[in-house]
Structures are given as C-alpha cells and as structure tokens.
Amino acid sequence: MEFKNLGRTNVKIPVLGLGTWGVGGLSMKSAAGGDDAVKALIFGLDLGMRFIDTAEMYAGGHTEEVIAKALENRRDSVFLATKVSPEHLSSEDVPKACDASLRRLRTEYVDLYQAHWPNPRIPIAETMKAMEKLVRDGKVRFIGVSNFSVEQTREAQEALSTVDVVSNQVEYSLLDRSIEANLLPYAEKEHITIIAYSPLARGQIAMGSVREDRWRTIDEVAAKVGKTRNQIALNWLITKQSVVAIPKSANPAHLRENLGGQGWKLPHEDYDALSRAFT
Ligand code: NAP
C-alpha cells in the first residue's frame, strides 16, 4: 500500500481507505446484524486498506458499531476517522458526540475527527475550539473538516491555536471535479489532505456508456495500462499530491479491484487525456 503524509504532519495514511456509508445498513431501522459487513471490512483491512472512514450519522451510529467488531485486535494498526454531525457542532454537543462515537467504536481515541458539514447556525470557531479540547484530552489525534469551502476551511484553521486542520473530505471523482476550481489549489498550498469521497462516482464509473467519447478514452487508457476503469479512476485521483480516496465496497472482488487503483503510476499522457476527456 502506498502512503501519503496527513496534512503537515509526519503521520502517513494509506492513499486508499475504506468508505463505510451503507455498511451494516442505511439507517438504524434497516440496520443489519452486520456479519457480512464485518467480514468485508476485515478483508479490506487485510488487503492493506488500513484507513477506515465513518460517521456518527451512518445507520444512526450502527456503522460505527459494525466497525468496532472489525477492529477487534487491530485497532492500533488502523487509521480511524469519524465525523460529527452538523447538528452536534456546538461546544456543548461536540464532546458528547465524540464520547458516543468512542463508545460505539469501542476505542479510546479516533485518529481523525471531522466536522461532517458546516452548520450556518453554529460558529465554526466554536466547533474548532471544542475539537481542539478533544485533542488535548487525548480522545482525538487530528482535526479535519468535510464539505467545507475554502473560506470555511480558512476560518476553521484560524480558530485553532495548537493544531492544524489536517484534511477536508469532499466529493471528488472524474465525474465531479468541482473542487479543482478553488479548494484543491488551496489545499495543495496549505498542505491540507483532500479525502476524496464518492471517488467511483457511487458506482457510475463502471457503468458509463462506450457511446460517449470520455468513456471510450478511459477504456483505451485501461486497455493500454492493463487496469480496470475503477482502478484508472482511483489512480487519476491519487496522482494529485494532496489527494487520498475512500471508495466504499462491501464486495471482496470489488475491494481487491479497488486496491489495484494504487501501487503504480498513470503515464503523464494518459493522465492528461483523462483530464481532458472528463471536463
Ligand atoms: P463510491 O465509493 O464512489 O461508490 C460506492 C459504490 O460503488 C457502491 O455501490 C459499491 O458497491 C460500488 N463499487 C465499489 N467498488 C466497485 C467496483 N470495484 N466495481 C463496481 N462497483 C463498485 O461512493 P460513496 O460510497 O458515496 O463514497 C465513498 C465513501 O465516502 C462513503 O462510503 C463514505 O464513507 C464517504 N462519503 C462521505 C460523504 C461526506 O459528506 N463526507 C458523502 C458521501 C460519502 P459494492 O459495495 O457492491 O461494491
């Protein structure tokens, strides 16, 4: 597995992690026992994708419980990231939400605690100061944000006095390149890791019609380098210095395929051809 530095830290995280939206069910109501989900997570961890991203919101907290099972005897070898929901971003709620996540995850700390979405009714500085206290208390190693604009990320950074915002988790794939206008250049300049969510465009990369030029381009590149579309799409993302990606899969064959999105380099001309085709 390839690794990249997290933000400005010396901590290395895998370039591909395990997304977990839908793992163990979509809502608390539909929450499954999760044995297959636990097995799929362990399979992904054993492949080397030792970075799990989750959120208190997923399946009403059940996803965190499923992850706890997969982490038994492995906790310290995994970089574990979770997120606090926008309705819990006040100084009073952040510590409570964190304690609840730690309880469900059955761990004493999370590696990365992310504000899931900004909440316009709660000042970003208030949230960040509460998160900084969690770092001081040893419950959180690093602070990140998610779905924050450049301005919101800057505001978050300015509110912190002893640590940095190390990451911003945002949608990024060949099919959604909106962060390239502002956020990506800002993150590169500020050494903030971009954690690309929905990197396979929620499964659409595998399904694009060959009647369209862009899909013909990706298929030509795939045939040339001997990889699949999904592997090309992931490699294209992680070619960028500050980007790591968290594809989600509960299917062992897909997990193995996704792992093959790293460990090699797209030739420059193919990277450029893809960038032109998927504008
Ligand atoms: P994604 O990873 O782009 O795509 C997931 C979908 O693609 C699933 O249906 C999966 O089905 C399928 N898939 C995965 N690998 C495949 C392969 N090799 N071949 C064919 N199909 C494949 O989308 P996502 O789940 O939206 O995003 C990934 C993660 O990002 C989430 O799980 C979550 O952790 C995070 N996320 C964060 C936010 C946020 O606001 N911060 C928002 C959305 C997502 P199978 O399980 O059947 O393989």
Side-chain angles (χ1 to χ4, degrees), residues 13-27 32 34 36-41 43-44 47 49 51-59 61-64 66-67 70 78-89 101 105 110 112-119 144-149 152-153 165 167-179 183 193-208 218 222 227-238 243-262 278:
I13 60 170
V15 293
L16 294 179
L18 297 166
T20 62
W21 185 79
V23 166
L26 292 180
S27 65
D36 287 348
V38 174
K39 278 192 204 141
L41 283 170
F43 187 84
L47 287 177
M49 294 159 102
F51 164 19
I52 296 185
D53 176 76
T54 190
E56 61 165 335
M57 181 185 281
Y58 296 172
H62 182 60
T63 302
E64 290 184 328
V66 169
I67 290 167
V78 175
F79 187 87
L80 179 60
T82 192
K83 310 185 203 81
V84 49
S85 301
E87 65 274 20
H88 292 156
L89 294 183
S101 282
L105 288 162
V110 287
L112 179 65
Y113 202 44
Q114 306 156 98
H116 203 150
W117 288 87
N119 179 338
V145 295
S146 176
N147 300 301
F148 274 42
S149 66
Q152 290 161 336
T153 309
V165 170
S167 60
N168 193 352
Q169 182 177 140
V170 286
E171 182 155 4
Y172 191 25
S173 71
L174 276 171
L175 291 187
D176 185 340
R177 297 174 57 189
S178 42
I179 71 158
L183 190 63
T193 298
I194 292 291
I195 301 178
Y197 75 66
S198 305
L200 301 175
R202 301 182 176 87
Q204 288 177 68
I205 296 286
M207 294 180 332
I218 194 169
K227 303 288 177 189
T228 68
R229 276 191 189 179
N230 288 317
Q231 290 170 339
I232 300 283
L234 292 172
N235 199 276
W236 179 86
L237 283 171
I238 62 171
V243 179
V244 300
I246 48 167
K248 176 263 163 187
S249 179
N251 172 324
H254 290 172
L255 284 164
R256 200 180 281 286
E257 178 186 352
N258 297 345
L259 176 74
Q262 57 81 53
F278 286 84

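Just follow the structure's listing: the first ligand is 1, and inside any ligand the first atom is 1. Just so you know, these numbers use all the heavy atoms, side chains as well, and skip hydrogens, waters and symmetry mates.
Here Glu56 contributes atom CD and Ser101 contributes atom OG; the two are 5.0 Å apart, rounded to the nearest 0.5 Å. Atom CH2 of Trp21 sits about 9.5 Å away from atom OG1 of Thr63, to the nearest 0.5 Å. Taking CG of Leu174 as the start and CG of Leu200 as the end, the distance is 9.5 Å to the nearest 0.5 Å. Rounded to the nearest 0.5 angstrom, Leu234 CG and Thr228 OG1 are separated by 8.0 Å.
Under a 4.0 Å criterion applied to the non-hydrogen atoms of His116, ligand 1 contributes the atoms 39 (C), 40 (O), 41 (N). Less than 4.0 angstrom separates some heavy atom of Pro199 from each of these atoms of ligand 1: 2 (O), 3 (O). Applying the 4.0 Å criterion to heavy atoms of Gly203 picks out, from ligand 1, the atoms 4 (O), 6 (C), 7 (O). Set against the non-hydrogen atoms of Trp21, the atoms of ligand 1 under 4.0 Å away are 31 (C), 32 (O), 33 (C), 34 (O). Each of the following atoms of ligand 1 lies closer than 4.0 Å to a heavy atom of Gly19: 29 (C), 32 (O), 34 (O). Heavy-atom proximity to Asn230, at under 4.0 Å, picks out these atoms of ligand 1: 17 (C), 18 (N), 19 (N), 20 (C). Per-residue contacts place Pro247 under 4.0 angstrom from the following atoms of ligand 1 (heavy atoms of the residue considered): 2 (O). Those atoms of ligand 1 that come under 4.0 Å of a heavy atom in Ile246, given as number and element, are 28 (C), 29 (C), 30 (O), 35 (C).
Protein heavy atom in closest approach to atom 27 (O) of ligand 1: Ser198 N, 3.0 Å. Of the protein's heavy atoms, Arg202 CA, 3.3 Å lies nearest to atom 4 (O) of ligand 1. Of the protein's non-hydrogen atoms, Lys248 O, 3.9 Å is the one closest to atom 8 (C) of ligand 1. In this structure, atom 30 (O) of ligand 1 lies nearest to the protein heavy atom Tyr197 CB, 3.2 Å.
Between Leu175 and Gln204, some side-chain heavy-atom pair lies under the 4.5 Å cut-off. Side-chain atoms of Ile205 and Ile232, non-hydrogen and from C-beta on, never get closer than 4.5 Å to each other.
The closest approach between any non-hydrogen atom of Lys83 and ligand 1 is below 4.0 Å.
Between Met57 and the choices His116, His88, Lys83, the side-chain contact (heavy atoms from CB on, under 4.5 Å) rule is met once, by His116.
Shortest non-hydrogen contact noted between Ala81 and Phe51 is CB-CE1, 4.2 Å.
Contact annotation: for Asn258 versus ligand 1, heavy atoms closer than 4.0 Å belong to the side chain alone. Contact annotation for Thr54 and ligand 1: no heavy atom of the residue comes within less than 4.0 Å of the ligand. Of all the heavy atoms of Ser173, none lies under 4.0 Å from any atom of ligand 1, so neither backbone nor side chain is involved.
Side-chain contact annotation: Glu64 with Thr54, donor-acceptor N/O pair under 3.5 Å absent.
Other residues, nucleotides and ligands contribute at most 12 non-hydrogen atoms within 6.0 Å of the CZ atom of Arg256.
Remark: atom 34 (O) of ligand 1 lies closer than 4.0 Å to at least one protein heavy atom.
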